[in-house]
Amino acid sequence: MKRTCALAIVSCLFAGCSHGLIIMARDSAEIGRGTAWQDFGRSGAGDIAVAFGGETYRGRWVYAGRGSLAAVFVPGATTMPLFVGSGGPGEGNALLTTESGKSLRCQFQYSSWTASGMGVCQDAGGRLYDIQIES
């Protein structure tokens, strides 16, 4: 089990991870879904796309963790860690636009340890949306 977890962490780092997104308007039951992709070889930025309200919003996200350090050891394999990394809770934002010129600005809290987070988005008209990030 520990080896599987360690391999998942390492493969996520080198392959570029993706997260599922759910967005919901605060003033209606309108729900959208999307994906955020991590840039290859970077843990704090990537592309994002959300289908919502009949359009697809696309853009970039960035994340700044507050920093902590962890090492993953595989029992019986070696005394050297298989993976050493930093992460933990932090904040980020995402800027998205549609081809028709609509925009969303999102601020979120995220934990790289749980690979999940939540936040709030606002469109150019001031309408608010809740967003959930899940692995």
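Side chains are part of it too, since the values below use all heavy atoms of this structure and drop only hydrogens, waters and symmetry mates.
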- side-chain contact (heavy atoms from CB on, under 4.5 Å) between T35 and L21, intermediate numbers included: CA-CA 6 Å; T35 305; L21 305 171; 5.8 Å; no

- Query: Tell me the salt bridge (Lys or Arg N to Asp or Glu O under 4.0 Å) pairs involving residues 114-130, sequence neighbours left out?
  - Reply: R26-D130, D27-R127, E30-R127

- Task: Using side chain to side chain contact (heavy atoms under 4.5 Å, CB included) as the criterion, list what pairs up with A115, not counting sequence neighbours.
- Result: H19, Y110, S135

- Message: Applying salt bridge (Lys or Arg N to Asp or Glu O under 4.0 Å), can you list everything that pairs with R60, at least two apart in sequence or on another chain?
- Response: D39, D47

- Criterion side-chain contact (heavy atoms from CB on, under 4.5 Å) on T56 and V50, from CA distance to verdict: CA-CA 6 Å; T56 300; V50 177; over 6 Å; no

- Check whether more than 12 heavy atoms from other residues, nucleotides or ligands sit under 6.0 Å from atom CD of E134, and answer yes or no. yes

- Residues that S116 engages under side-chain hydrogen bond (donor to acceptor under 3.5 Å, both in side chains), provided they are two or more places apart: T114

- Query: By ring pair (Phe, Tyr, Trp, His ring centres under 6.0 Å), which residues pair with F52, not counting sequence neighbours?
  - Reply: Y129

- Interatomic distance, SG@C106 vs OH@Y57, rounded to 0.5 Å, equals 10.0 Å

- Any chance you could pull the hydrophobic cluster mates of L128, using side-chain heavy atoms under 4.5 angstrom and chaining through other members? V120

- Can you sort out the partners of S100 under side-chain hydrogen bond (donor to acceptor under 3.5 Å, both in side chains), two or more places apart, ordered by chain and number? E55, T98

- Note on the structure: Sorted by chain and residue number, the side chain to side chain contact (heavy atoms under 4.5 Å, CB included) partners of M118 (sequence neighbours excluded) come out as none

- Item | Step-by-step side-chain contact (heavy atoms from CB on, under 4.5 Å) determination, I133 to F108 | CA-CA 9 Å; I133 306 162; F108 60 88; 3.7 Å; yes

- Message: Tell me which pairs pass salt bridge (Lys or Arg N to Asp or Glu O under 4.0 Å) where either residue lies in residues 112-121, with sequence neighbours left out.
- Response: none

- Shared-cluster residues of W37, by chain and number - hydrophobic side chains joined below 4.5 Å: none

- Task: Find the distance between CZ (R105) and CG (L95) and round it off to the nearest 0.5 Å.
- Result: 5.5 Å

- Message: Would L96 and I48 count as a side-chain contact (heavy atoms from CB on, under 4.5 Å) here? Give the steps.
- Response: CA-CA 8 Å; L96 302 95; I48 185 171; 3.7 Å; yes

